[in-house]
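Input: a single structure, listed below in structure tokens.
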Amino acid sequence: MSKILIVDDEPELVKAIEVRLRASGYHVEVAYDGEEGVKKAREFNPDLIILDIVMPRLNGYEVCKILKSNAETRNIPILILTASQQRELEKKCLALGANIALMKPFETEELLLLVNQLLENQGGEN
Amino acid sequence: MEEKVNILIVEDTSIHSILRDNPGRKGVELEARFSSYEECLNNLCRERFPVVLSPGSIPQPLNFLQDVLRVSKDQTAVIFIVDGGNTELIQQLLRNGAWACIPRERLTGESLFHEVINAYQVIKMRMEGFSLKQSYIRQMEAMVESMLEGVLMLDKYSNVVVINPAGKRFLELLGATPGASPLKIKEIDELFDFIIKGEECGVKEIELEDKNIFLRLEATPVKEQGELIGVVILMRDVTTEKKVDKMKNDFISVVSHELRTPLTTMKEFISILLDEIPGKINAEQREYLQIVKSNIDRLARIINEILDIAKIESGKMRIERELVDVVEIAREVVKTFQPMAEERGLYLELSHPSGPVTTYGDKDRLAQVFTNLIHNAIKFTPQGGVKVVLKDTDEELIVEVIDTGIGISRENMAKLFMKFQQFNSDSHLKEPGTGLGLAVTKHLVELHKGKIWAESEYGKGSRFIFTLPKYTYHQALLELCAENLHNCIMVNKSFSLLYIEIPDIQFLEKHLGKDKVEQLKKKLDIIFRKVLRRNEDLVFKGKESFAILLNMTPKENALVVKGRIVQALHDFRKEFERPDMLKIRIGIAGYPEDGSREEELLDKARANAENIFPEVG
């Protein structure tokens with residue numbers, strides 16, 4: 001079963017995504033700020049991270065920077081969630097190696113499709 | 001000693017009795033003479049009268065005025081007592097050299113006496129060699145003097161011709177010493193230069209951080225019969241506007257974030273319910289949840305469009321400029337609408353020239369233009385269908401979205417692209433719009449320097465047409481440089497440009513294959529973006545070159561960025577499969593050192609480009 005880490009400071013949205021991903025058969029862990037996100041990424045070693053940009057204590061871009069500069073976490077695919085029109089910050093995450101960005105509010109089908117694709121490219125389940 | 005002033009009163013003796021009824025002034029005595037209208041000019045020939053008083057009701061007041069000025073060689077001031085309502089006559093008289101026109105209902109002995117003495121003194125000065133100041137000019141002067149905006153006019157030799165009290169205050173704020181040339185102030189010097197060189201308008205905004213004040217200077221040429229005689233600079237305190245602007249922008253970004261997140265949560269939970277993850281729902285429940293979902297979607301669209309409009313109106317909307325294939329964009333949008341068209345029994349077709357049609361533009365924004373036009377067309381078409389036609393001429397690209405729908409009435413046509421206009425009140429539309437789509441669409445097309453318009457026959461369908469200029473890399477780069485450079489100049493900041501070239505790209509393509517070269521360029525793009533640390537820096541990718549635009553960056557700082565890029569490229573080269581084949585050149589230019597026009601900067605950066613590798617020497 002693929003492991004997915006959701007990092008977002010909105011607990012209710014996290015819950016919604018969690019319910020959806022669990023129902024689709026994924027193993028889900030959650031973190032509610034950037035710092036916790038980095039910590040969980042190391043402990044939990046997920047196959048994919050869903051990452052919000054605007055968050056307290058390390059924003060999405062900073063989290064990206066830390067994860068991508070660390071050998072253990074460098075290869076975990078990252079799906080960026082953005083709410084504000086911060087195309088530049090989003091682009092910088094992509095330049096750092098985040099895989100794709102999805103604008104809130106997104107279509108569930110699109111989220112599931114992207115999650116699926118990113119996991120497949122990663123080499124499937126472990 | 002009493003000074004005697006001769007005045008001639010025409011026709012109306014009541015004027016004299018009013019004039020006598022005044023407190024008078026020490027040292028001046030009025031000596032009034034009377035004359036009929038016909039005799040007046042003869043009297044003026046015989047004797048000098050510095051002031052003539054006449055009612056405006058004489059047979060031909062304008063001719064009379066001109067005759068008096070001619071006979072007295074402009075040495076007589078003519079004051080008319082007029083009926084206040086006759087504004088046209090008053091303006092004509094004033095424009096033709098009348099000293100003043102006093103409405104009869106406001107006539108008092110004191111005011112008339114005052115006007116006469118004023119006129120007499122100016123005429124006296126004029127006889128002593130001063131120029132006659134007509135009341136029109138006096139009023140202009142008074143107006144300029146009392147303006148809240150600072151007004152500064154310099155002649156073409158940069159001498160101060162006009163400066164009003166507000167202007168003096170603003171110059172002081174900017175640190176000018178009284179009496180010294182305003183050109184000592186850098187911004188004014190630059191604006192003056194700019195206009196003298198032939199520009200039609202120059203604007204600068206200056207922030208006085210210590211005083212918490214924002215000033216805006218606007219310079220325009222002063223012309224006389226088409227010839228430049230000087231420069232006028234208008235100075236305004238725009239502190240409040242700036243604060244409001246900032247609040248508006250903060251508000252917009254907060255709203256954007258704060259509204260989207262709860263919407264996402266709602267949408268997700270609704271779709272979880274609809275997909276029956278927690279348990280079964282019945283048909284009626286499903287219907288209601290669908291309604292909630294479609295309303296959430298509508299709300300999301302409205303938020304996006306309001307944000308777009310706000311951005312556009314505050315001038316914050318920036319478009320990307322990258323090589324795009326418009327056929328590809330159109331095809332993708334058409335594909336997403338195909339199910340919707342089918343569901344309604346409509347055809348949706350796309351016709352385009354074979355092969356890609358490329359220009360430099362913003363892929364997402366162009367897709368938004370297609371989306372809005374096609375979505376609208378489908379919405380307003382009950383039967384028949386929608387056709388999207390792409391045409392490629394040499395200079396531009398023409399896109400037509402043609403429907404067989406309800407059409408647009410003549411009176412709605414004029415309001416079509418305005419905000420919050422909706423023309424669907426009587427229709428059976430399943431989804432109401434936001435009334436913002438077409439306004440946003442128009443702005444997006446115009447940001448691409450294109451045009452958009454509509455043709456329609458009411459009841460028979462509509463045709464929306466937009467054009468996009470076909471940019472080459474060079475044109476697009478110039479456009480982008482111009483925008484960014486202009487913004488920097490406006491706020492008195494520097495601007496730097498790095499130009500990075502892969503000189504033998506065909507050679508590389510031949511030996512490594514096109515795919516590898518494309519990958520190489522993508523990697524370089526990523527390297528550059530990593531090196532740049534600020535959001536306002538831009539990377540612009542071309543066929544065989546990159547331009548990096550460093551906003552608000554002095555050339556010396558740009559040299560540091562250049563150093564970092566060179567270092568990163570050296571590191572990259574070590575990993576490249578054929579380091580021996582890789583040639584890269586880099587050049588730099590900065591405003592103000594290397595010029596103030598985008599062409600100059602680009603030429604300069606190209607001209608001084610040097611090899612990074614193979615290293616020279």
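Convention: sequence-line order gives letters A, B, ...; per-chain numbering from 1. All figures in this text were calculated on a predicted structure; none of them were measured in a lab.
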(message) Report, in residue-number order, which members of residues 19-30 of chain A are under 4.5 Å from chain B by heavy-atom distance.
(response)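 The stretch touches chain B at V19(A), R20(A), A23(A).
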(message) Counting only non-hydrogen atoms closer than 4.5 Å, can you tell me which residues of residues 4-14 of chain A sit against chain B?
(response)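 Only E10(A), E12(A), L13(A) of residues 4-14 of chain A have a heavy atom under 4.5 Å from chain B.
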Determine whether more than 12 heavy atoms belonging to other residues, nucleotides or ligands lie under 6.0 Å from atom [atom1] of [X].
X	atom1	result
E43(A)	CD	yes
K521(B)	NZ	yes
F44(A)	CZ	yes
D515(B)	CG	no
K40(A)	NZ	yes

(request) Against chain A, work out which of I277(B), D525(B), D297(B), L259(B) has the most heavy-atom pairs shorter than 4.5 Å and name it. (result)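 Among I277(B), D525(B), D297(B), L259(B), the one with the most close pairs to chain A is I277(B).
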Which bit of [X] comes within less than 4.5 Å of chain A, counting heavy atoms only: side chain, backbone, both or neither?
X	result
K522(B)	neither
I272(B)	both
I527(B)	neither

(request) Given salt bridge (Lys or Arg N to Asp or Glu O under 4.0 Å), test E268(B) with K15(A) step by step and report yes or no. (result) CA-CA 10 Å; E268(B) 268 312 289; K15(A) 167 119 191 179; over 6 Å; no
(message) Could you report the tightest heavy-atom contact between T265(B) and A16(A), atom names first, then the distance?
(response)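 Closest pair (atom of T265(B), atom of A16(A), distance): O-CB, 4.5 Å.
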(message) Test: ring pair (Phe, Tyr, Trp, His ring centres under 6.0 Å). Region: residues 285-312 of chain B. Which pairs qualify, not counting sequence neighbours?
(response)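 Sorted pair list comes back empty.
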(message) Rounded at 0.5 Å granularity, tell me how far CG in L81(A) sits from OG1 in T264(B).
(response)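 Between atom CG of L81(A) and atom OG1 of T264(B) there are 8.0 Å.
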(request) Rounded to the nearest 0.5 Å, what's the gap from CD1 on I526(B) to CG on L94(A)? Could you check? (result)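 Those atoms lie 9.0 Å apart.
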Distance-only donor-acceptor hits, side chain of residues 58-67 of chain A, under 3.5 Å, sequence neighbours excluded:
from: N59(A); atom 1: OD1; to: Y61(A); atom 2: N; distance (Å): 3.0
from: N59(A); atom 1: OD1; to: E62(A); atom 2: N; distance (Å): 2.9
from: E62(A); atom 1: OE1; to: N59(A); atom 2: N; distance (Å): 2.8

(request) Take R260(B) and M103(A) through the side chain to side chain contact (heavy atoms under 4.5 Å, CB included) test and state the conclusion after the steps. (result) CA-CA 9 Å; R260(B) 267 174 221 272; M103(A) 178 82 140; 3.3 Å; yes
(message) Between E107(A) and K267(B), is there a side-chain heavy-atom distance shorter than 4.5 Å?
(response)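 Of all side-chain heavy-atom pairs linking E107(A) with K267(B), at least one is under 4.5 Å.
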